[in-house]
Protein chains: 2
Amino acid sequence: MALTVDQITTAVHTYIEAVGAGDPDKLGALFAEDAVQEDPVGNVNNGRDAIVAFFGNIKDVKKEATLKSLRVAGDVAVFEFSMITHAGDQKFLLEPIDVMRFDENGLIKSVVAVWSQDDLKVV
Amino acid sequence: MALTVDQITTAVHTYIEAVGAGDPDKLGALFAEDAVQEDPVGNVNNGRDAIVAFFGNIKDVKKEATLKSLRVAGDVAVFEFSMITHAGDQKFLLEPIDVMRFDENGLIKSVVAVWSQDDLKVV
(Lines give C-alpha, C1' and ligand atoms only; values in the text may rest on other atoms or scores of the structure.)
Protein backbone atom coordinates (compact mmCIF):
# COMPACT_ATOMS: atom_id res chain seq x y z
CA MET A 1 0.00 0.00 0.00
CA ALA A 2 1.26 3.46 -0.83
CA LEU A 3 2.69 5.54 1.99
CA THR A 4 0.88 8.68 3.08
CA VAL A 5 2.41 12.16 3.08
CA ASP A 6 2.41 11.98 6.91
CA GLN A 7 4.33 8.69 6.92
CA ILE A 8 6.99 10.06 4.57
CA THR A 9 7.20 13.30 6.56
CA THR A 10 7.80 11.30 9.75
CA ALA A 11 10.44 9.16 8.00
CA VAL A 12 12.31 12.28 6.84
CA HIS A 13 12.31 13.73 10.36
CA THR A 14 13.60 10.39 11.71
CA TYR A 15 16.39 10.45 9.10
CA ILE A 16 17.44 14.01 9.99
CA GLU A 17 17.53 13.14 13.72
CA ALA A 18 19.58 10.02 12.98
CA VAL A 19 22.05 12.03 10.84
CA GLY A 20 22.50 14.45 13.75
CA ALA A 21 22.97 11.56 16.22
CA GLY A 22 25.35 9.86 13.78
CA ASP A 23 24.84 6.17 14.75
CA PRO A 24 25.68 4.18 11.56
CA ASP A 25 23.59 1.13 12.46
CA LYS A 26 20.50 3.17 13.32
CA LEU A 27 20.94 5.06 10.05
CA GLY A 28 21.41 1.81 8.12
CA ALA A 29 18.15 0.44 9.57
CA LEU A 30 16.25 3.26 7.80
CA PHE A 31 17.39 1.96 4.40
CA ALA A 32 16.11 -1.01 2.38
CA GLU A 33 18.59 -3.90 2.05
CA ASP A 34 19.25 -3.06 -1.62
CA ALA A 35 19.05 0.73 -1.27
CA VAL A 36 21.23 3.02 -3.40
CA GLN A 37 22.78 6.07 -1.78
CA GLU A 38 24.46 8.81 -3.84
CA ASP A 39 25.98 11.31 -1.40
CA PRO A 40 27.06 13.64 -2.80
CA VAL A 41 26.12 13.32 -6.51
CA GLY A 42 28.65 10.98 -8.16
CA ASN A 43 29.55 9.07 -4.98
CA VAL A 44 27.40 5.93 -5.10
CA ASN A 45 27.02 3.32 -2.32
CA ASN A 46 25.09 0.18 -3.24
CA GLY A 47 23.24 -1.69 -0.49
CA ARG A 48 22.77 -1.26 3.23
CA ASP A 49 26.25 -2.50 4.22
CA ALA A 50 27.99 0.10 2.03
CA ILE A 51 25.66 2.77 3.41
CA VAL A 52 26.42 1.80 7.03
CA ALA A 53 30.15 1.99 6.15
CA PHE A 54 29.62 5.47 4.65
CA PHE A 55 28.03 6.72 7.88
CA GLY A 56 30.71 4.90 9.90
CA ASN A 57 33.37 7.07 8.26
CA ILE A 58 31.79 10.25 9.66
CA LYS A 59 30.40 8.93 12.93
CA ASP A 60 32.94 10.71 15.14
CA VAL A 61 32.24 14.13 13.64
CA LYS A 62 30.03 16.21 15.94
CA LYS A 63 27.00 17.28 13.92
CA GLU A 64 23.78 19.26 14.22
CA ALA A 65 21.16 18.62 11.55
CA THR A 66 17.99 20.70 11.06
CA LEU A 67 15.29 20.30 8.44
CA LYS A 68 14.71 23.50 6.43
CA SER A 69 12.08 22.57 3.84
CA LEU A 70 10.24 19.51 2.63
CA ARG A 71 8.14 18.54 -0.40
CA VAL A 72 6.43 15.16 -0.63
CA ALA A 73 4.73 13.71 -3.71
CA GLY A 74 3.92 10.02 -4.22
CA ASP A 75 6.82 7.98 -2.80
CA VAL A 76 9.34 10.83 -3.17
CA ALA A 77 10.54 13.46 -0.69
CA VAL A 78 12.75 16.40 -1.59
CA PHE A 79 14.12 18.27 1.40
CA GLU A 80 16.80 20.76 2.29
CA PHE A 81 18.52 20.55 5.64
CA SER A 82 21.34 22.38 7.32
CA MET A 83 24.19 20.45 8.87
CA ILE A 84 26.77 22.09 11.08
CA THR A 85 29.90 20.02 11.66
CA HIS A 86 32.61 20.78 14.21
CA ALA A 87 36.28 20.24 13.43
CA GLY A 88 38.41 21.49 16.32
CA ASP A 89 37.61 25.19 16.75
CA GLN A 90 36.09 25.45 13.29
CA LYS A 91 32.45 25.06 12.31
CA PHE A 92 31.29 24.23 8.83
CA LEU A 93 27.81 24.67 7.38
CA LEU A 94 26.48 22.47 4.62
CA GLU A 95 22.90 22.58 3.30
CA PRO A 96 22.28 19.47 1.19
CA ILE A 97 19.12 19.00 -0.87
CA ASP A 98 18.21 15.32 -0.64
CA VAL A 99 15.94 13.49 -3.06
CA MET A 100 14.65 10.37 -1.32
CA ARG A 101 12.43 7.57 -2.62
CA PHE A 102 10.71 5.19 -0.21
CA ASP A 103 9.51 1.61 -0.60
CA GLU A 104 6.10 0.42 0.57
CA ASN A 105 7.55 -0.50 3.99
CA GLY A 106 8.67 3.08 4.60
CA LEU A 107 12.35 2.24 4.09
CA ILE A 108 14.60 4.44 1.97
CA LYS A 109 14.97 2.89 -1.50
CA SER A 110 17.25 5.57 -2.91
CA VAL A 111 18.70 8.92 -1.96
CA VAL A 112 20.60 11.48 -4.00
CA ALA A 113 22.19 14.22 -1.90
CA VAL A 114 22.65 17.26 -4.13
CA TRP A 115 25.62 19.27 -2.87
CA SER A 116 29.24 19.80 -3.83
CA GLN A 117 32.37 21.10 -2.10
CA ASP A 118 31.40 24.61 -3.30
CA ASP A 119 28.42 24.51 -0.94
CA LEU A 120 30.58 23.99 2.17
CA LYS A 121 30.90 27.22 4.19
CA VAL A 122 33.00 28.12 7.23
CA VAL A 123 30.70 29.71 9.87
CA MET B 1 33.67 15.56 -20.48
CA ALA B 2 31.67 16.61 -17.45
CA LEU B 3 29.38 19.60 -17.78
CA THR B 4 30.14 22.75 -15.81
CA VAL B 5 27.77 24.38 -13.34
CA ASP B 6 27.32 27.22 -15.86
CA GLN B 7 26.35 24.82 -18.65
CA ILE B 8 23.76 23.10 -16.45
CA THR B 9 22.44 26.48 -15.23
CA THR B 10 21.98 27.60 -18.84
CA ALA B 11 20.26 24.31 -19.73
CA VAL B 12 17.79 24.74 -16.85
CA HIS B 13 16.96 28.31 -17.94
CA THR B 14 16.43 27.05 -21.50
CA TYR B 15 14.09 24.34 -20.19
CA ILE B 16 12.01 26.82 -18.14
CA GLU B 17 11.68 29.17 -21.14
CA ALA B 18 10.64 26.25 -23.34
CA VAL B 19 8.03 25.12 -20.77
CA GLY B 20 6.59 28.64 -20.80
CA ALA B 21 6.57 28.75 -24.62
CA GLY B 22 5.06 25.25 -24.72
CA ASP B 23 6.40 23.99 -28.10
CA PRO B 24 6.51 20.16 -27.75
CA ASP B 25 9.21 19.61 -30.40
CA LYS B 26 11.50 22.28 -28.97
CA LEU B 27 11.01 20.75 -25.53
CA GLY B 28 11.66 17.26 -26.87
CA ALA B 29 14.95 18.43 -28.41
CA LEU B 30 16.26 19.20 -24.91
CA PHE B 31 15.94 15.52 -23.92
CA ALA B 32 18.20 12.58 -24.80
CA GLU B 33 16.63 10.01 -27.15
CA ASP B 34 16.25 7.49 -24.29
CA ALA B 35 15.40 10.01 -21.56
CA VAL B 36 13.00 9.11 -18.76
CA GLN B 37 10.51 11.74 -17.59
CA GLU B 38 8.45 11.30 -14.42
CA ASP B 39 6.03 14.23 -14.23
CA PRO B 40 4.59 14.22 -11.68
CA VAL B 41 6.04 11.43 -9.49
CA GLY B 42 4.44 8.13 -10.58
CA ASN B 43 3.65 9.25 -14.16
CA VAL B 44 6.56 7.89 -16.23
CA ASN B 45 7.25 8.63 -19.92
CA ASN B 46 10.04 6.59 -21.53
CA GLY B 47 11.94 8.10 -24.45
CA ARG B 48 11.79 11.35 -26.39
CA ASP B 49 8.66 10.46 -28.40
CA ALA B 50 6.62 9.84 -25.24
CA ILE B 51 7.95 13.07 -23.75
CA VAL B 52 7.00 15.08 -26.85
CA ALA B 53 3.51 13.55 -26.63
CA PHE B 54 3.30 14.56 -22.94
CA PHE B 55 4.07 18.19 -23.81
CA GLY B 56 1.73 17.96 -26.81
CA ASN B 57 -1.18 17.27 -24.45
CA ILE B 58 -0.67 20.59 -22.66
CA LYS B 59 0.57 22.73 -25.55
CA ASP B 60 -2.60 24.81 -25.87
CA VAL B 61 -2.63 25.81 -22.21
CA LYS B 62 -1.35 29.38 -21.77
CA LYS B 63 1.53 29.23 -19.29
CA GLU B 64 4.05 31.45 -17.55
CA ALA B 65 7.07 29.72 -16.04
CA THR B 66 9.61 31.38 -13.72
CA LEU B 67 12.64 29.84 -12.04
CA LYS B 68 12.59 30.31 -8.25
CA SER B 69 15.68 28.47 -7.00
CA LEU B 70 18.43 26.23 -8.38
CA ARG B 71 21.06 23.88 -6.93
CA VAL B 72 23.61 22.21 -9.22
CA ALA B 73 26.03 19.45 -8.18
CA GLY B 74 27.81 17.13 -10.61
CA ASP B 75 25.41 16.27 -13.44
CA VAL B 76 22.30 16.97 -11.34
CA ALA B 77 20.15 20.09 -11.02
CA VAL B 78 17.37 20.53 -8.47
CA PHE B 79 15.18 23.55 -9.07
CA GLU B 80 11.84 24.97 -8.05
CA PHE B 81 9.83 26.98 -10.52
CA SER B 82 6.45 28.60 -10.53
CA MET B 83 4.03 27.92 -13.33
CA ILE B 84 0.84 29.89 -13.80
CA THR B 85 -1.67 28.33 -16.13
CA HIS B 86 -4.78 30.02 -17.50
CA ALA B 87 -8.04 28.13 -17.90
CA GLY B 88 -10.81 30.48 -19.01
CA ASP B 89 -11.09 33.17 -16.35
CA GLN B 90 -9.23 31.09 -13.77
CA LYS B 91 -5.53 31.08 -13.00
CA PHE B 92 -3.74 28.20 -11.31
CA LEU B 93 -0.35 28.28 -9.62
CA LEU B 94 1.87 25.23 -9.42
CA GLU B 95 5.42 25.20 -8.07
CA PRO B 96 7.10 21.93 -9.07
CA ILE B 97 10.50 20.91 -7.73
CA ASP B 98 12.32 19.20 -10.59
CA VAL B 99 15.27 16.86 -10.19
CA MET B 100 17.10 16.72 -13.52
CA ARG B 101 20.13 14.69 -14.58
CA PHE B 102 22.07 15.62 -17.71
CA ASP B 103 24.21 13.54 -20.07
CA GLU B 104 27.65 14.66 -21.30
CA ASN B 105 26.05 16.39 -24.31
CA GLY B 106 23.97 18.64 -22.08
CA LEU B 107 20.74 16.78 -22.87
CA ILE B 108 18.27 15.83 -20.14
CA LYS B 109 18.76 12.15 -19.23
CA SER B 110 16.07 12.04 -16.56
CA VAL B 111 13.70 14.33 -14.78
CA VAL B 112 11.47 13.73 -11.76
CA ALA B 113 8.97 16.53 -11.17
CA VAL B 114 8.01 16.45 -7.49
CA TRP B 115 4.49 17.81 -7.10
CA SER B 116 1.00 16.45 -6.58
CA GLN B 117 -2.55 17.70 -7.04
CA ASP B 118 -2.41 19.06 -3.47
CA ASP B 119 0.19 21.61 -4.65
CA LEU B 120 -2.14 23.14 -7.26
CA LYS B 121 -3.58 26.48 -6.08
CA VAL B 122 -6.19 28.81 -7.56
CA VAL B 123 -4.77 32.35 -7.69
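Each chain gets a letter, A, B and so on, in the order its sequence line appears, and its residues count up from 1.
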**Q** A/Glu80 versus chain B, heavy atoms under 4.5 Å apart: side chain, backbone, both or neither?
**A**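 For A/Glu80, the side chain is the part near chain B, not the backbone.
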**Q** Apply the side chain to side chain contact (heavy atoms under 4.5 Å, CB included) test between B/Val41 and each candidate in A/Asp75, A/Val72, A/Val78; give the one that qualifies.
**A**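 Among A/Asp75, A/Val72, A/Val78, the one that satisfies the side chain to side chain contact (heavy atoms under 4.5 Å, CB included) with B/Val41 is A/Asp75.
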**Q** Sort A/Val99 into side chain, backbone, both or neither according to what part of it lies under 4.5 angstrom from a heavy atom of chain B.
**A**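 Contact with chain B is through the side chain of A/Val99 alone.
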**Q** Say whether B/Leu30 and B/Phe54 are linked into one hydrophobic cluster, either directly or through other cluster members, by side-chain heavy-atom distances under 4.5 angstrom.
**A**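 Same hydrophobic cluster.
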**Q** Please flag which part of A/Val5 lies under 4.5 Å from any non-hydrogen atom of chain B: side chain, backbone, both or neither.
**A**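 For A/Val5, no heavy atom lies under 4.5 Å from chain B.
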**Q** Decide whether A/Leu3 and A/Phe79 are clustered together by the hydrophobic rule: side chain heavy atoms of Ile, Leu, Val, Met, Phe, Trp, Tyr closer than 4.5 Å, transitively.
**A**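 Yes, A/Leu3 and A/Phe79 fall within the same hydrophobic cluster.
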**Q** Under a 4.0 Å N-O cut-off, is there an ion pair linking B/Arg71 with A/Glu95?
**A**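 No, B/Arg71 and A/Glu95 are not salt-bridged.
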**Q** Tell me whether B/Val44 shares a hydrophobic cluster with B/Ile51, the cluster being built from Ile, Leu, Val, Met, Phe, Trp, Tyr side chains joined at under 4.5 Å.
**A**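 No: no chain of side-chain contacts under 4.5 Å links B/Val44 to B/Ile51.
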**Q** Identify whether A/Ile16 and A/Leu107 are in the same connected component of the hydrophobic contact network (ILVMFWY, side-chain heavy atoms under 4.5 Å).
**A**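 No, separate clusters.
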**Q** Establish whether A/Val19 and A/Val52 are linked, either directly or via other cluster members, by ILVMFWY side-chain heavy-atom contacts under 4.5 Å.
**A**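 A/Val19 does not cluster with A/Val52.
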